[in-house]
Participant: 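What follows is a structure written as structure tokens; I'll ask about it next.
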Amino acid sequence: MSCFISSWKISRRRIQGRFNMPGRIVKKTSDKFGLPPGTLIHTGEKMTDRVRITFFDYDENNYSEKEASSIEECFELRDTPTVTWINIDGIHDIDIISKIGSHFNLHPLMLEDILHTNQRPKIDDYENHLYIVVRQYFYDEEENEINAEQVSIVLGRNYVISFQEREGDVFNPIRDRIRNNKGRVRKSGADYLTYSLLDTLIDSYFIILEKIGDDIEDLEDEVMNYTGPSTIFHIHRHKRNLLHLRKSLWPLREVVGSFRSEETDLVQESTDVYLRDVYDHTIQVVDTLELLRDMISGMIDLNLSSASNRMNEVMKVLTLIATLFIPLTFIAGIYGMNFEYMPELKWHWGYFASLGAMVVIGVVMVIYFKSRKWL
Amino acid sequence: MSCFISSWKISRRRIQGRFNMPGRIVKKTSDKFGLPPGTLIHTGEKMTDRVRITFFDYDENNYSEKEASSIEECFELRDTPTVTWINIDGIHDIDIISKIGSHFNLHPLMLEDILHTNQRPKIDDYENHLYIVVRQYFYDEEENEINAEQVSIVLGRNYVISFQEREGDVFNPIRDRIRNNKGRVRKSGADYLTYSLLDTLIDSYFIILEKIGDDIEDLEDEVMNYTGPSTIFHIHRHKRNLLHLRKSLWPLREVVGSFRSEETDLVQESTDVYLRDVYDHTIQVVDTLELLRDMISGMIDLNLSSASNRMNEVMKVLTLIATLFIPLTFIAGIYGMNFEYMPELKWHWGYFASLGAMVVIGVVMVIYFKSRKWL
Amino acid sequence: MSCFISSWKISRRRIQGRFNMPGRIVKKTSDKFGLPPGTLIHTGEKMTDRVRITFFDYDENNYSEKEASSIEECFELRDTPTVTWINIDGIHDIDIISKIGSHFNLHPLMLEDILHTNQRPKIDDYENHLYIVVRQYFYDEEENEINAEQVSIVLGRNYVISFQEREGDVFNPIRDRIRNNKGRVRKSGADYLTYSLLDTLIDSYFIILEKIGDDIEDLEDEVMNYTGPSTIFHIHRHKRNLLHLRKSLWPLREVVGSFRSEETDLVQESTDVYLRDVYDHTIQVVDTLELLRDMISGMIDLNLSSASNRMNEVMKVLTLIATLFIPLTFIAGIYGMNFEYMPELKWHWGYFASLGAMVVIGVVMVIYFKSRKWL
Amino acid sequence: MSCFISSWKISRRRIQGRFNMPGRIVKKTSDKFGLPPGTLIHTGEKMTDRVRITFFDYDENNYSEKEASSIEECFELRDTPTVTWINIDGIHDIDIISKIGSHFNLHPLMLEDILHTNQRPKIDDYENHLYIVVRQYFYDEEENEINAEQVSIVLGRNYVISFQEREGDVFNPIRDRIRNNKGRVRKSGADYLTYSLLDTLIDSYFIILEKIGDDIEDLEDEVMNYTGPSTIFHIHRHKRNLLHLRKSLWPLREVVGSFRSEETDLVQESTDVYLRDVYDHTIQVVDTLELLRDMISGMIDLNLSSASNRMNEVMKVLTLIATLFIPLTFIAGIYGMNFEYMPELKWHWGYFASLGAMVVIGVVMVIYFKSRKWL
Amino acid sequence: MSCFISSWKISRRRIQGRFNMPGRIVKKTSDKFGLPPGTLIHTGEKMTDRVRITFFDYDENNYSEKEASSIEECFELRDTPTVTWINIDGIHDIDIISKIGSHFNLHPLMLEDILHTNQRPKIDDYENHLYIVVRQYFYDEEENEINAEQVSIVLGRNYVISFQEREGDVFNPIRDRIRNNKGRVRKSGADYLTYSLLDTLIDSYFIILEKIGDDIEDLEDEVMNYTGPSTIFHIHRHKRNLLHLRKSLWPLREVVGSFRSEETDLVQESTDVYLRDVYDHTIQVVDTLELLRDMISGMIDLNLSSASNRMNEVMKVLTLIATLFIPLTFIAGIYGMNFEYMPELKWHWGYFASLGAMVVIGVVMVIYFKSRKWL
């Protein structure tokens, strides 16, 4: 009998292992409470040990690439006419952030937002800079987990500074394109580079949604065939993950929609057609997310109906057995009574007559049930 | 007893066979990840073996029609004053697409969208071209499946290029109208031809919805009369199909709404009244879709109530039988006890008295149940 | 026992008879597929045998009224300065429609919409005409059915042409007002007549909603007192009817809202105050519809709770009887065992002692149940 | 056993008595059907026997107050420079309404709306008049009922005419302020008086919502402690009441929002700050209403869960008793068989051994249940 | 058996103790009914005994800070060029409020709103003042309660007057910044001070949501592992709390969104970038609130499924035991009958044969159940 219940005590670990999104729902921000605006405090988890600074410097004909040992190495590039892309992996070193801030003349509130790793995706226009902050998700095949980090992009006149929480390879294809002069990136300005970064980030959502979508279709089969108690927890897990993604995705539409040449002179008109394209992708990601959410909620309904169906089946079996045998047992009980004068007991065929009567009653009930389509 | 449960293990195939929409929910796009924008890669399934190129060239007085063996045959028609309609069935041959692209001067992003068969319906204005991409659904009577493909339409000054994923006959009525000079099509320009294509595509949604609507009404009867466990899966299947259709249909309103003479000079004012008509149709399709969705969700509620009603009935039977016979069996049990001194056992009429008592108790309970309206 | 189940197999006819809305949900339109726009095909049911043409011609001082045997009789009235109202009952005769079309110079798309009896309510402005199409509902007391038809109204400079699918008397009050010169209608132009027609049509929605509202309040009593399995089907039937009405009603707001003097010079400014009034009525009808929908969905919840309450009651009875008698039967079973050495059996008062024990156990359990408030 | 069921047949009267809103949901309007617009018919219930006409006439220094025996007494006040407030209690006397209409030159549609007591709250601008119609609710402590009536306010150049369906004291505080020259009312014009009336009407919503809110919090306790079958009906009753209130409240926002000095020159700019205040109140009432609605729907969920919890408890008891005693009864049944050769029966300690075995089995099962946390 | 039910009678106190929000849902406002607008009545609870008045007076170089014994002490500061911040803790002393009102020339409606502690968050522009009213929440660690109070802020040319219902330390960090000249506050005007106050208030929402979020995640574990009847009440408690917070939070977006330099000249353009930041925070708080609400409603679904799963398990056990033993008991009953001629009873091995038959039947049923995956 243990089997009934053992399936119930699902190892919570096993469920969490399936597309777990680590971390609390509501990130801790109370440390910051009461500090003056613009105070630099890193509120997130420290995701990498050392801060890695790499930079690219290119125009259509030349490019250089370097890993800097100190942030000051990049500073001279600010004033060159070439496009400069400084990438910072790891943001817990407040010293580096504030040096960049003072050299590139970034607003204290912007620096605060870079460090405060629980931003809502947004685009902020600070006269000479455009500050974009989005959330990036990637799927860790080994741990079967979805991880997230905050990516900040600062677009200046001819430089881009990007901040990531940990070292990642999501921007490598763009690095390759710069190195090999593939596509338009070397021919275009800093705005096109920013577009490329955004495009790559949004494409990474497709991969996550693809993974979740596959898992949801598998779950759908599970629900249709047999709904163990753990199925509903898996469904719920995905629902929760989609809630997370949604919180990051919805504002993205606005961010990408505002990143246009009409809005700021940091974006050239020739980049607009590409921004329209990335906007379309964003809408498509949001559409897919909503589709998955609708499917999940359909599956919750389905699971409920399915469970209620099974319950009905089980109850029917019980009712059938009980209504079949309870009357028969009653008859047997009657002839088990010890009255002295019970004429049937003396009849030679009494026993077989009573057995016969039971069979007849049983058969009649089965026929009746059949006619009621209960069998 | 097997019948109870056998109905449960529904062949999933059978359900899927009922208006199945093949393919994954979230289409695979990860192959494209990291490629520069405008890279031509065909991401969809290869739905046809060879690429079939047909073209029409007509004005009010003349028309010619041809199946081209190579795409170059159509190129000279670009500069003629007549209206040219090039139709490409099958888009997996990247070579053909890029040749068309360079000859007709199409933007790389547009070519990418043509090949990337998971587009959200949209209309893009590229200076000299209008790019429209929509999803077309058709019902395969034999397989009882709903199939979908992406249709791209490029409207130039006096030519229309349409891309379909597989050979289909949905545009045949328009071909006939061109051949026989029926309706306004031969008298009008490329914009009217585009309108005709769109109108046909949107009309095909009506057919799909009609099919689904019929099936839903049948299901409603099923739910009202008897709700087997498979009914809920059919309902769910339709809900899912409608989710798919909705994803393609909602943006269509915007697409058709933007295809107006005010927006672009590729559309003449005289076509506007027809575009208003096709817009009305789109709204009507969306309305019908939403109506069906509301009906489906009503049916899910109904099915739940219905199942709960049946459960109540079954429980009532069980309760009735059990409450009727358990006390009677108890009485029989009492007189089945083997105490030496049980005066009733010696009474001559004891047996019949006890039987009589049982009948009386039974009758009283039945009357009581009747008065409670349980019978 | 048949009574349990017989109530289940509700005659579907009986439910449908309660405010049935005949016809399919998604009307058949596939016949039209592939035809050029403006092709005249009547897609609806033929609701009347012959086409009846009546016309009124009036100004403030005079009026004439006639039933025409052929449509040509009305044609001369087009150019008179008096207001002319031509009413066509029955639209299946394409010949008549096309004659009117060519004489009054109506756009082919308008004629197509008149014949295509599944229009979404809309108002279309064709230079010299305003085309209004709405859905009219009326309640057939005898059949206990709600019937619907499409009413098209063409407003020209000084004439109104109205198309109904069947002969009806909904416009009779307006005819009386014209005959008896009651109200403003004879003093005003064709726009006021159109307003009067619309006003009457919208008022007819109130009657339908009144009927449904009455029935819903009766159902509410039913749900509160006893919820037979058919109640939920009636609720569902109304939900479905309201979905239908809603599909026709929501666009009506837009139609009436657009029928203003600012929009077209076919409407005089003096009529505006009346149009505002009819707009208020439309909003009120929509409000009432939504109120009824909210009530229906409240009743579905209530019915579910109510059913679950009843289930609880039934289960409690079963549990009570079973938990009371199963232990007692067990005791009887013990003393029914045939062991040779069972000392209690020899006791003179053993039987009465065991009976007494049973009574005590039963009483204790009843008291316990009472203390748990189960009784 | 009657107790189970008797609680079910709740006296519907008792539920209705708890914040009953009398009258039909969809008010009868079909009497009006077909009448020309502007026809004066009183469609509501006659709520008072005689029509009571009172008027105030005041400026900053003087005021007079009178109950008029005929409406003509008030007519001369129309042209005085002082502010005149005519209040009509009871609107069933069409004669009075039409006299007012002709003397004050009110539009027939306005008069129709005054009489037609099922108006949606609205504000209509008729050149020289502003017509405001709202719904007023008051709580009848004695009958424990919520009553509603329609209040129409006509704002002219320097007079206000208010129409109530029955005599009420809701405006008494304003009368006192006029009499005692408290507040700004005597110093301001007719627009400020209208504001005061509106303010009082909206404040009366707070009182209703306060009452309902108190009752809902009591119900919440009931749901948490014990959910008898009547609780759900009370919840439903409030849900229904809130639906009614909502229908009257939502349009109120628009009405108050449109009553501004920018919109009409009947309102002075100095009154605007007060109108903003009353607008804030309206928003707050709507917010509170929505909060209560959310609470109600939360309680419906809670009640369902609560009922399902109780069901689980009851089922557990049944399962426990049944699974404990059914196997034991089976053992007793075995030794109650009458086979001639059953060795155990001959054993001296057979009886006690079997009793012992039963006890052991029972104890083992109880321990097992405990370990499963079922006990 | 008591354990089943005892868990049911949850101490309501214990639930309420978990993040209780004290006070009624709909605050009492009926005391105010009928009073002229601008009448000063304190409608809230008296939360502090004495009124505490503190003020700061500062510019970039100097600052003074004092606790005033009477409100008049602050009056002279109104006309100094320095920034003055007067903070009033406790608003029940109407005398003080009206003195401030007359000295600073505040509108009577504003004073009324300050005293009426159930305001909806709003911003009102009174020519020379900006009136902001928001709701502040703080978590009382000791009582495990969430408390709320109303905070009113009046922004004048170079002074800020803030009104709190009780003494609190939420503004202490700002006081420290003024004292120590940290951040921009001493360098900026009264508008920046107002921003700082708002920023602090909004940050306090994060802390509340963090607390609730932690508790919700704990509850999620509870639901997944075992759902006692009290879990659903905790979930409901949080749902209710979030409803409260939402009522205060949604309007906040509008308030902060309207507090911009374009709207009023009391705000300098240099403060705008900080206001954008606080606006972002507000959006983020609202997002988090909605996320929590979505999670709660997901948990309600999950709890329902979970309960229904458990019910299924319990029912399965019952069905299994019953269907296994009822037929066996029936067989035992047959051989317990007392017919004189029952041949099997005479067989020497009859007893063992019947036992064997029972074992076989039992085993077959278990195998059957296993094959049906019921075991």
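The structure presented is a predicted model; accordingly, all values stated were derived computationally and were not measured. Each chain gets a letter, A, B and so on, in the order the sequences are listed, and its residues count up from 1.
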Participant: I need the D:Leu328 CG to C:Ile334 CD1 distance, nearest 0.5 Å.
Facilitator: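 That separation rounds to 8.0 Å.
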Participant: Counting only heavy atoms closer than 4.5 Å, note whether D:Leu243 contacts chain C via side chain, backbone, both or neither.
Facilitator: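 Answer is both: backbone and side chain atoms of D:Leu243 are under 4.5 Å from chain C.
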Participant: Quick one: of C:Asp280, C:Asp199, C:Ile326, who has the most non-hydrogen atom pairs under 4.5 Å with chain D?
Facilitator: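 When all of C:Asp280, C:Asp199, C:Ile326 are compared, C:Asp280 has the most.
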Participant: With a 4.5 angstrom heavy-atom cut-off, could you sort out which part of D:Asn338 is near chain C: side chain, backbone, both or neither?
Facilitator: both
Participant: Taking all atoms of both residues into account, what is the closest heavy-atom pair of C:Arg276 and D:Asp125, and its distance?
Facilitator: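 Between these two residues, the closest heavy atoms are NH1-O, 3.1 Å.
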Participant: Nearest 0.5 Å, please: how far is OG1 in C:Thr323 from CG in D:Leu320?
Facilitator: 11.0 Å
Participant: Measure across D:His236 and C:Met299 and return the closest heavy-atom pair with its distance rounded to 0.1 Å.
Facilitator: CE1-N, 4.2 Å
Participant: If you count heavy-atom pairs under 4.5 Å between each of D:Lys239, D:Gln119, D:His348, D:Met358 and chain C, which one has the most?
Facilitator: D:His348
Participant: Using non-hydrogen atoms only, which part of D:Lys346 is less than 4.5 Å away from chain C: side chain, backbone, both, or neither?
Facilitator: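 For D:Lys346, the contact with chain C is made by backbone and side chain together.
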Participant: Taking it one step at a time, do D:Phe325 and C:Phe330 satisfy ring-ring contact (aromatic ring centres under 6.0 Å, His included)?
Facilitator: CA-CA 7 Å; D:Phe325 282 100; C:Phe330 168 64; 5.5 Å; yes
Participant: Might you point out which heavy atoms bring C:Ala322 and D:Leu318 nearest each other, and give the distance in Å?
Facilitator: CB-CD1, 3.7 Å
Participant: Heavy-atom pairs under 4.5 Å with chain C - which of D:Ala332, D:Ser297, D:Pro108 has more of them than the others?
Facilitator: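 The candidate making the most pairs under 4.5 Å is D:Ala332.
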Participant: If you round to the nearest 0.5 Å, how far is CG of C:Leu291 from CZ of D:Arg240?
Facilitator: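 It is 8.5 Å, given to the nearest 0.5 Å.
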Participant: So, taking the atom named OH in C:Tyr279 and the one named NZ in D:Lys122, what distance separates them when rounded to the nearest 0.5 Å?
Facilitator: 12.0 Å
Participant: Can you check whether D:Asn118's main-chain N or O pairs, donor with acceptor, with C:Gln284's side chain at less than 3.5 Å?
Facilitator: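 Checking the backbone N and O of D:Asn118 against the side chain of C:Gln284, a donor-acceptor pair under 3.5 Å is found.
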Participant: With a 4.5 angstrom heavy-atom cut-off, could you sort out which part of D:Ile235 is near chain C: side chain, backbone, both or neither?
Facilitator: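 Interface part for D:Ile235: neither.
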Participant: Name the option with the most non-hydrogen atom pairs under 4.5 Å to chain D; the candidates are C:Ser196, C:Ser204, C:Pro327.
Facilitator: C:Pro327
Participant: What is the ring orientation for D:Tyr351 with C:Tyr335, classed by angle as parallel under 30°, tilted 30 to 60°, or perpendicular over 60°?
Facilitator: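 Judged by the thresholds at 30° and 60°, the geometry between D:Tyr351 and C:Tyr335 is tilted.
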